[in-house]
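Worksheet: one structure, shown below.
Every number for a ligand or one of its atoms is a count from 1 in the order of the listing.
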Amino acid sequence: MTMPARPRALFISDLHLQESHPRTAEAFYRFMAGPALRAERLYLLGDIFEYWAGDDDLATPFHRQVIAAIRSVADAGVDIYWLAGNRDFLVGSGFAQAAGLTLAQEPHLIEAGGRRIALVHGDAQCTLDTKYMAFRAQVRDPAWQRQFLGMPLAQRKAIIAGLREGSREAHMGKSSEIMDVTPEAVQDLFAQADAAVIIHGHTHRPAVHETDGKLRYVLPDWELDAEPARGGWIALGADGAITRHALSEL
Ligand code: MN
């Protein structure tokens, strides 16, 4: 019996890792020690952390454990790429160096089997959510980030806790349409990237959508500390085939 060929790449997003969700973190560690180790490349497509207050917060036991899990996969020879999500956009070079990964900008374009694949987190395509788009423009501004990161860590954590509370309340008042990507933004991305495939997360609506022969894969979020349990990844095979995988395969 021959071993299955090594997947060219695996994609995950929206694990929202946090100390208070230990089963979700355990699933991540199993994924990293299993499928991730066998891949050529691993793409972390945003919101791997529930929040990130700055790279001066590397040393908590929980963060050290997550970083060690990523680092061991990188040290085994897997190339790991990181795209920022809307919760962990403050991850910087200190984290990247500790984890042994490469910070990438979206859209991050890769080629497979003659197809171009565009990778994004997905929040920038939720263009109906004008309040969020304004917030995104603000917090992605380098000047804003410098000012924010200049505050003491405890103060940043308090501000982020307030933002998360506000975001929960805002979400309750938003229709599900507003919280999804728009067809226009998806078309723009396909056109600008000249891509045949998009892979993204953020919306927590795992699916494959086909429009005009172009495919859009949406990653699931991971949650094993609340019902319904969910999670999974997408694989790009050595043959260029894209497949979806559930956590039950771990
Ligand atoms: Mn997100």
Side-chain angles (χ1 to χ4, degrees), residues 10-18 20-21 24-25 27-28 31 42-54 63 66 70 80-92 95 101 103-108 118-141 144-145 148 156 159-182 185-186 188-189 198-209 216-226 228 230-234 244 247:
L10 301 185
F11 309 87
I12 58 173
S13 72
D14 301 283
L15 281 74
H16 296 269
L17 292 175
Q18 50 196 311
S20 56
H21 288 204
T24 308
F28 173 64
F31 171 79
L42 171 64
Y43 290 91
L44 306 174
L45 297 185
D47 289 355
I48 300 304
F49 288 109
E50 171 69 2
Y51 73 92
W52 189 257
H63 286 165
V66 172
I70 300 173
I80 308 179
Y81 297 87
W82 173 281
L83 284 187
N86 52 299
R87 293 169 172 276
D88 50 14
F89 54 85
L90 286 175
V91 156
F95 173 87
L101 55 75
L103 300 179
Q105 299 298 318
E106 66 173 41
H108 186 72
L119 307 174
V120 294
H121 176 58
D123 57 321
Q125 283 69 41
C126 296
T127 49
L128 276 184
D129 191 347
T130 50
K131 273 191 186 144
Y132 171 70
M133 293 303 278
F135 172 79
R136 186 180 195 277
Q138 181 189 39
V139 301
R140 295 291 185 115
D141 176 34
W144 183 93
Q145 291 194 2
F148 186 76
R156 275 177 270 146
I159 291 171
I160 289 168
L163 285 174
R164 287 165 66 203
E165 192 51 47
S167 153
R168 261 192 293 276
E169 282 166 18
H171 278 195
M172 284 189 265
K174 282 175 189 170
S175 72
S176 71
E177 191 186 27
I178 285 177
M179 308 263 293
D180 203 355
V181 299
T182 61
V186 168
D188 284 353
L189 178 56
I198 293 171
I199 300 176
H200 73 84
H202 181 63
T203 61
H204 303 189
R205 298 171 200 217
V208 189
H209 303 274
R216 177 169 66 90
Y217 289 83
V218 187
L219 287 157
D221 65 320
W222 291 38
E223 180 58 85
L224 288 99
D225 295 272
R230 56 199 183 270
W233 66 93
I234 285 174
R244 300 161 73 205
L247 288 189

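Taking the six-membered ring wherever Trp is involved, the centroid distance between the rings of H108 and Y43 falls below 6.0 Å.
When each of H16, R230, H21 is paired with E223, the side-chain hydrogen bond (donor to acceptor under 3.5 Å, both in side chains) condition holds for H21 and for no other.
The aromatic rings of W144 and F148 sit parallel, their planes meeting at an angle under 30°, below the 60° perpendicular limit. Ring geometry for W82 against F49 counts as tilted: the plane angle lies between 30° and 60°, on a 0 to 90° scale.
In this structure, H202 NE2 and M179 CE are separated by 7.0 Å, a value rounded to the nearest 0.5 Å.
Side-chain N or O atoms of D221 include none that pairs as donor or acceptor with a backbone N or O of L15 at under 3.5 Å.
Protein nitrogen, oxygen and sulfur atoms, that is N, O or S, within less than 2.8 Å of the Mn ion (ligand 1) amount to 4.
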